[in-house]
2 protein chains.
Amino acid sequence: MDKKRVRMSDVAKAAGVSRTTASFVLSGKDCAIPEVTRLKVRKIAEQMQYRPNATARSLVTGKTYRLSVVLNLPENFHNSFSMMDRYFTEVISGVQTGAWKKGYNLLLHTIEHPDWQHLRDDILSGASDGCILIARFADDPLTTSLVEANFPTVCVSYRIDHPGCCFVDAENRQGGDRAMEYLLSLGHRRIAFLYPGDHSSWGWERKEGVLDALRRASLPESALVSYSWQENRNPESCWLMEVREKLLKDPNRPTAIICCDESRACWFTEHLPEAGLRVPEDISVLGFNSTIISQRTTPPTTSVAQSLTEIGNAAVHVLDEILEGKLSAGMEHRFPMQLHIRQSTAPPSAEYEKKGSMERV
Amino acid sequence: MDKKRVRMSDVAKAAGVSRTTASFVLSGKDCAIPEVTRLKVRKIAEQMQYRPNATARSLVTGKTYRLSVVLNLPENFHNSFSMMDRYFTEVISGVQTGAWKKGYNLLLHTIEHPDWQHLRDDILSGASDGCILIARFADDPLTTSLVEANFPTVCVSYRIDHPGCCFVDAENRQGGDRAMEYLLSLGHRRIAFLYPGDHSSWGWERKEGVLDALRRASLPESALVSYSWQENRNPESCWLMEVREKLLKDPNRPTAIICCDESRACWFTEHLPEAGLRVPEDISVLGFNSTIISQRTTPPTTSVAQSLTEIGNAAVHVLDEILEGKLSAGMEHRFPMQLHIRQSTAPPSAEYEKKGSMERV
DNA sequence: CTGTTAGCGCGTTCAG
DNA sequence: CTGAACGCGCTAACAG
């Protein structure tokens, strides 16, 4: 079997010095130890293939140089890993870069079902110095419990209503506003708004932005038809198809859709035509995130972009500052959103426009 | 600041029992401790918000229930994180599922440049029980050094030439064979083969498979024109464009391309037409992996699929068995590959076919 | 069935 | 500058 790992005391003995000395030179402290001894100890350590034991070191220093990362669960439990979603891929990419720059590794907690108490215990076990939670919800008990336990925590793309909550997110309100402003400028006057529901801070914020633009244009809130996928517990496709059915049967059909989720938006871009609604001739589709997914639909989907890698990166920086004690709790970082106009949006067709105006009277 | 965490001894004291007793009931051992004391200790622990310290526990048990994961580096260093590649996304997804089933968390080592010695020390620091290396190369010094250090290690999608090397991969040779067989059956007689080079086990294996099919059809090896991107150190696009140039200028131009990398294959599907080569009319393109990336090019790209999630999942199982001592080193797991025929491949056009036959005489 | 004791490997203080 | 000594929080012998 494995011979025992060589310990620091082994190195010290072999080098003919005390363990203290060995400890000092091997942890690279700037204490006053003669250059000769330093070199000798290092050389012996190298020869003996000495590797410091991270666990023992963590036990005494209280630092692990690891950051916990928790993704949310996909809403349909078909797929076990939200990382399949391009959103997570990009955020994690930014987190990875930030972690590297600050000298952390990432501890990816594996979860398959919403057993948040177990997950909380795992996070609080001391295996990491802090925690980055990604795309969870405003009513998430896990987040609340971590923040209340005073565990260094940063939320990405959402926040909870607690004074100690630190988070990094996009300017969702501004993004929603921009999306709506654009559709209004094209002439749309009846617009469907598809979002997760008000338990999601980004869903809620984007909705507020959309309403801002509506009010600024002096249009009634009834111009917006909201659909929430919050309560939906059926497989994904069902909700999408139900919404499509409702759109088709609506006598006063919206001429545009704003959909807060990228993959759902893309589904509409590609699957409304099957049901007889051409995109963008009969109906415009506007989504969010604007990753490669939106770029590659037919036609490409207009989308409100956020810099996901930048957000992930910032999350690590904020967490690092908390850990360094440079930051008080309750910080908020926001990044702007930007509209990427593609071919899934166009002015409403004359026919629908006319019909719309008549009914508005 | 933070009050000290409550320790097991605090719980024991509060419950009026010894630390041993507390330890036994809190680690859920099946020893004979009266139900009353168990309940009492548990209740006190709950009230005091006791969380076992994973570091201390690991120090004494020698187990962390963490698995190290190391991705390779993207070959162009523009993008810091290979996880942006769909290949990694899917493999990690499988790894995550497997890890969850076996009760492990994942330790994602952050690396930005090829400082493999530092990375090796990090992996050998005892912060994890074993290691999964993904899509590295046959000559990778990191892999060699870990295997030789006898650290529990599983390679995914590659292997090194060492008796102790455990790996999980697809049947690359069979996949290459199948791809070539298919193109030959369409009538292609001159085919370009784009691969990383022979330092990559999958590149080499797929090439062997391609040659198998060629030999079986009694065709000369000269029917295959190989291009390797191994030596290429320029930005990605340059290599792609250079190959495209060479294809264009080839008087005896191949009528089909087999490209071992999915995103490169997709680039050809979409960017050969710009240069005047229609796909598939003038030239067929066949790639690998067959993820959503291949499905969504215009036209969709024919591709040899492998079940990446299954491979990732298997990697964890193999590693777990090694850790449980159920498995000797040097295991190999292979998964079959399957051809997904799409619209980027077709019989060679009559003109090229004729020209090809004349020149073959 | 419970308490006592000895480490796990390392960081750090405090006399020599 | 070094060695002895203590403690991080917990597990697991070994006695009582």
Side-chain angles (χ1 to χ4, degrees), chain A residues 2-42 44-45 48-66 121-122 124-129, chain B residues 2-42 44-45 48-66 121-122 124-129:
Chain A
D2 266 333
K3 286 164 276 180
K4 289 223 158 180
R5 290 177 59 134
V6 3
R7 296 161 303 178
M8 188 182 276
S9 58
D10 299 327
V11 175
K13 199 185 298 172
V17 299
S18 76
R19 221 174 45 69
T20 313
T21 312
S23 175
F24 273 87
V25 1
L26 291 175
S27 16
K29 287 288 163 58
D30 57 339
C31 67
I33 287 195
E35 199 59 22
V36 251
T37 15
R38 299 178 89 114
L39 287 177
K40 188 168 68 178
V41 173
R42 288 227 183 88
I44 301 272
M48 299 179 74
Q49 309 248 62
Y50 168 72
R51 319 276 173 213
N53 182 316
T55 307
R57 183 174 286 180
S58 293
L59 184 58
V60 51
T61 61
K63 295 216 52 149
T64 63
Y65 295 100
R66 260 168 259 147
D121 293 349
D122 201 23
L124 293 177
S125 74
S128 66
D129 300 337
Chain B
D2 266 334
K3 286 164 275 179
K4 289 224 159 180
R5 289 177 58 136
V6 3
R7 295 162 303 180
M8 188 182 275
S9 58
D10 299 328
V11 175
K13 197 185 299 173
V17 299
S18 75
R19 276 224 330 278
T20 313
T21 312
S23 175
F24 272 90
V25 0
L26 291 176
S27 10
K29 287 289 163 55
D30 57 340
C31 69
I33 288 196
E35 200 59 21
V36 251
T37 12
R38 300 178 90 114
L39 287 178
K40 188 169 68 179
V41 172
R42 290 226 183 89
I44 302 270
M48 299 179 74
Q49 308 250 59
Y50 169 71
R51 317 278 173 212
N53 182 315
T55 306
R57 182 176 288 180
S58 293
L59 184 58
V60 52
T61 62
K63 295 215 53 150
T64 63
Y65 296 100
R66 261 167 259 147
D121 293 348
D122 200 23
L124 293 177
S125 73
S128 66
D129 299 337

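A note on names: the letters A, B, ... follow the listed sequences, proteins ahead of strands, and every chain is numbered from 1.
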Peer 1: If only side-chain N and O atoms of A/S23 are considered, is one of them under 4.0 Å from the OP1 or OP2 phosphate oxygen of C/dC10?
Peer 2: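 No.
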
Peer 1: First locate atom OG of A/S58, then atom CZ of A/R66, and finally report the distance between them rounded to the nearest 0.5 Å.
Peer 2: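 These two atoms lie 5.0 Å from each other.
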
Peer 1: D/dT2, D/dC8, C/dG7: which one has an atom nearest the side-chain heavy atoms of B/V60?
Peer 2: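 My answer, after comparing the listed nucleotides, is C/dG7.
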
Peer 1: Of all the heavy-atom pairs spanning B/T64 and B/S128, show the shortest one and how long it is.
Peer 2: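 That closest heavy-atom pairing would be OG1-CA, 3.3 Å.
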
Peer 1: Between B/T21 and B/A56, just flag the one whose closest nucleotide in DNA chain C comes earlier from the 5' side.
Peer 2: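 It is B/T21, whose closest nucleotide lies nearer the 5' terminus.
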
Peer 1: Could you state the interatomic distance from CG (A/L26) to OG1 (A/T21), rounded to the nearest 0.5 Å?
Peer 2: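 Taking CG in A/L26 and OG1 in A/T21, the distance rounds to 10.0 Å.
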
Peer 1: Expressed in angstrom and rounded to an integer, what is the separation of A/R7 atom CZ from C/dG11 atom P?
Peer 2: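 After rounding, the reported distance stands at 14 Å.
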
Peer 1: Once you round it to whole Å, what is the distance between P of D/dA12 and CG of B/L59?
Peer 2: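 It is 13 Å, rounded to the nearest whole Å.
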
Peer 1: Which atoms form the tightest heavy-atom contact between A/R57 and A/P52, and what is the distance?
Peer 2: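 The pair with the smallest heavy-atom distance is NH2-CB, 3.4 Å.
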
Peer 1: Tell me: NZ of A/K63 to P of D/dC8, nearest whole Å?
Peer 2: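 It works out to 19 Å between those atoms.
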
Peer 1: Which part of the nucleic acid does A/S18 contact within heavy-atom distance under 4.0 Å: base, sugar-phosphate only, or nothing?
Peer 2: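 Touches a base.
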
Peer 1: Quick one: list whatever passes side-chain contact (heavy atoms from CB on, under 4.5 Å) with A/R51, sequence neighbours left out.
Peer 2: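 So A/R51 forms a side-chain contact (heavy atoms from CB on, under 4.5 Å) with A/R5, A/Q49, B/R120, B/D121, B/L124.
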
Peer 1: Consider the side chain of B/M8, meaning its heavy atoms from C-beta on, and name the nucleotide among C/dG9, D/dT11, D/dT2 that approaches it most closely.
Peer 2: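 The closest nucleotide is D/dT11.
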
Peer 1: With a cut-off of less than 4.0 Å, is there a side-chain N or O of A/Y50 near OP1 or OP2 of C/dG9?
Peer 2: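 For A/Y50, the contact criterion (side-chain N or O under 4.0 Å from OP1 or OP2 of C/dG9) is not met.
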
Peer 1: Round to a whole Å and report the spacing from CG of A/D10 to P of C/dG9.
Peer 2: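 A/D10 atom CG is separated from C/dG9 atom P by 9 Å.
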
Peer 1: Rounded to the nearest Å, what distance is computed from the CG atom of residue A/N53 to the C1' atom of nucleotide D/dG9?
Peer 2: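 So the CG-C1' distance, A/N53 to D/dG9, works out to 15 Å.
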
Peer 1: Please give me the minimum heavy-atom distance between A/V11 and A/I44, naming the atom from each residue.
Peer 2: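 Taking A/V11 first and A/I44 second, the nearest heavy atoms are O-CG2, 4.1 Å.
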
Peer 1: Taking N or O atoms only and anything under 3.5 Å, show me the protein contacts with nucleotides 4-6 of chain D, one pair per line.
Peer 2:
from  : atom 1 : to    : atom 2 : distance (Å)
D/dA4 : N6     : A/T20 : OG1    : 3.0

Peer 1: Just how large is the angle between the end axes of the helix from C/dC1-D/dG16 to C/dG16-D/dC1, five pairs per end, to 10 degrees?
Peer 2: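 For the helix from C/dC1-D/dG16 to C/dG16-D/dC1, the axes at opposite ends meet at about 50°.
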
Peer 1: Excluding sequence neighbours, so at least two apart, what forms side-chain contact (heavy atoms from CB on, under 4.5 Å) with A/T20?
Peer 2: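 side-chain contact (heavy atoms from CB on, under 4.5 Å) check on A/T20 returns A/S18, A/F24.
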
Peer 1: Is there any salt bridge (Lys or Arg N to Asp or Glu O under 4.0 Å) pair reaching into residues 6-19 of chain A, and which pairs are they, with sequence neighbours excluded?
Peer 2: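 Listed by first then second residue: A/R7-A/D10.
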
Peer 1: If you check every side-chain atom of B/V17, which of C/dG3, C/dG9, D/dG3 has the closest atom?
Peer 2: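 Given the options C/dG3, C/dG9, D/dG3, the side chain of B/V17 is closest to C/dG3.
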
Peer 1: For A/F24 and C/dG11, what is the distance between atoms CZ and P respectively, to the nearest whole Å?
Peer 2: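 The answer, rounded to whole Å, is 10 Å.
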
Peer 1: Give the rounded distance in Å between these two atoms: CZ of B/R57 and P of D/dA12.
Peer 2: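 The distance from CZ of B/R57 to P of D/dA12 comes to 9 Å, rounded to the nearest Å.
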
Peer 1: With sequence neighbours left out, write down each residue that passes side-chain contact (heavy atoms from CB on, under 4.5 Å) with A/K63, or none if nothing qualifies.
Peer 2: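 A/K63 satisfies side-chain contact (heavy atoms from CB on, under 4.5 Å) with A/T61, A/Y65, A/Y104, A/D129 once adjacent residues are dropped.
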
